[in-house]
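Reviewing the structure listed below.
Side chains are part of it too, since the values below use all heavy atoms of this structure and drop only hydrogens, waters and symmetry mates. Quick note on labels: first sequence line is chain A, next is B, and so on, each numbered from 1. Every value quoted in this text rests on a predicted model; they were computed, and no experiment measured them.
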Protein chains: 2
Amino acid sequence: MKIDPEKRTDLSAQIADAIREAIISGRLIVDERLPSEAELADQFDVSRPTVREALKRLAAQSLIRTQRGATGGAFVNRLSFEDAYSQQITTSTLLLSMNAVSFDTACEARYALERACAPLSAQRRSPDHLATMRAEIHRQSQPGLTDEAFCASDVAFHRALVDGAGNPVISYQLAGAVEAMQPLMNMITFTARDRAAIVSLHTAIADAIEAQDAPAADAQLAELERYTRQLARDVLAARAARVSGT
Amino acid sequence: MKIDPEKRTDLSAQIADAIREAIISGRLIVDERLPSEAELADQFDVSRPTVREALKRLAAQSLIRTQRGATGGAFVNRLSFEDAYSQQITTSTLLLSMNAVSFDTACEARYALERACAPLSAQRRSPDHLATMRAEIHRQSQPGLTDEAFCASDVAFHRALVDGAGNPVISYQLAGAVEAMQPLMNMITFTARDRAAIVSLHTAIADAIEAQDAPAADAQLAELERYTRQLARDVLAARAARVSGT
DNA sequence: GACTTTTAAATGTCTGACAAATGAAAATTG
DNA sequence: CAATTTTCATTTGTCAGACATTTAAAAGTC
């Protein structure tokens, strides 16, 4: 554990890689304590600040946690689903915004994956998830709601639908696909008519889930996808026309 | 940009959060240069090592890159799909291994999501993806292949299937679901008969994709899921019997 | 025995310094 | 003047040493 050749990368990056590899391979297990910073500095033959930079890299990925005090130190962290969710959402959001991913592409991905868990959701939906979906539908139909709040509620509705599948791995994988759409949807202005149409489709979806009617849920999701993509096309076209017509 | 209240978190974490927020919100755009470490230390009223720890945290998430020299510094990084892939895979793999996710749960998630992109893949599949699938099938049918290599080839086959959908967002979202299964699959020993059955199903899937027959692809994937889950159950049951019988 | 104090170990932070890389400006040369 | 070389300032990478803070266990006290 002291390999620092003449690579062209940072020492702190090399050390972080070495420790990360040890965690992934299982040589370091959950809740195991790493050597102290001073000991690591000795082992890798670098200074303590360099070790600290490496540890901060790992902390940023929630791979370790640190604790001060006599029995403190750096411990291998059990990566929780919650931690993974937020990382997933951050990465997905940035990926979409930085690579100019089209609304259409992101939308297609989102609905393709959501439709995949609709059958499971229909089969296993709990009263809890149904209540959340109904509550969000109610919020969406209230007048005076800002577009942003409408989008946020839309995301919450779809999250409940996904979580209804009762499979935490699916919930995790779809967290990014569902939440990263929000910034893109925020670019759309929803007319009262649009909102009514979406609320109606959401209601139909919730009804289908409640009735455990998977094919109906799939059909309504497909229709919602079609409507959303058409809406985005219209809004973008109108915006383009306004710009060129100035 | 100088808010460091009496929180109970690290200063470096607070600074990293502030800069990350600026990137996500768009106040810092791609390729923009951050102030030098000395300037950041001044602005946040902390020392340079503390700023450096914050920057390393961001670098670990590929949010920034650093460059030495006269015109160097830290730059907002365009998060590439490739970077996002590997982060996604690392996180998914750790999430599954650290939380004792059952084979069944992970398998259900993987196939539910894969089946979601089968129709798109059938519609858009390129000769490239088909060739990859055929090549992996061929590899899988060669005798003398280790179980590990067989699993790796299996992952490559499924990756090609997913990539065939031609939607980079889908490919990104599913990278974790597909690749994180590999360590779990590596715990299974495949008999010659098992391998033959899997190869046969893979061939049927590739045929369906080539024929652009989405329903057939879906059916074969469902069958492959059923077979894989049954296989895992059998292997685990046999292992449990052997342990209790000792 | 219960409570308080001390102490040691560990991380968090700071100061100051030097090394190395790198591009641009300045000096040199044909 | 143009091309090349040299110098140089800027910035990150690394190090050494120090002090502050937190924490739990050990020692001491009633």
Could you give the [atom1]-to-[atom2] distance, from [X] to [N], as a whole number of Å?
X	N	atom1	atom2	result
B/Gln14	C/dT13	CD	C1'	13 Å
B/Glu53	C/dT13	CD	P	7 Å
B/Leu11	D/dA20	CG	C1'	12 Å
A/Phe44	D/dT14	CZ	P	14 Å
A/Gln67	D/dT23	CD	P	8 Å
B/Lys56	D/dG13	NZ	C1'	7 Å
A/Leu40	D/dC15	CG	P	14 Å
B/Asp10	D/dT21	CG	P	15 Å

Think [X] has a side-chain N or O under 4.0 angstrom from the OP1 or OP2 of [N]?
X	N	result
A/Arg52	C/dT11	no
A/Thr50	D/dG13	no
B/Arg48	D/dT14	no
B/Ser36	D/dT10	no
B/Ser47	C/dC14	yes
B/Thr66	D/dG13	yes

query = So what does B/Arg33 hit on the nucleic acid, given a heavy-atom distance under 4.0 Å: a base, only sugar-phosphate, or nothing?
reply = sugar-phosphate

message = Determine whether A/Asp163 and A/Ser171 satisfy the following criterion, side chain to side chain donor-acceptor pair (under 3.5 Å), listing intermediate values before the conclusion.
response = CA-CA 6 Å; A/Asp163 291 343; A/Ser171 291; 2.8 Å; yes

message = Under a 3.5 Å threshold, yes or no: a donor from one side chain and an acceptor from the other, between B/His129 and B/Ser126?
response = yes

inquiry  = When you compare the side chains of B/Gln61 and B/Arg20, does any donor N or O come within less than 3.5 Å of an acceptor on the partner?
reply    = yes

inquiry  = Here's a test of your reading of the structure: between A/Ser12 and A/Gly69, which maps to the more 5' nucleotide of DNA chain D?
reply    = A/Ser12

query = Of all the choices, C/dC14, D/dA9, D/dG13, which nucleotide is nearest to the side chain of B/Glu37 once you look at every atom?
reply = D/dG13

message = Let's see if you can work this out: which of C/dG12, C/dA21, D/dC15 has an atom nearest to the side-chain heavy atoms of B/Arg68?
response = C/dA21

query = Is it the case that A/Arg159 places NZ or CZ above or below the six-membered ring of A/Tyr85, under 6.0 angstrom from the centre and within 45 degrees of the axis?
reply = yes

query = Salt bridge or not for B/Arg110 and B/Glu225, using N-O below 4.0 Å?
reply = no

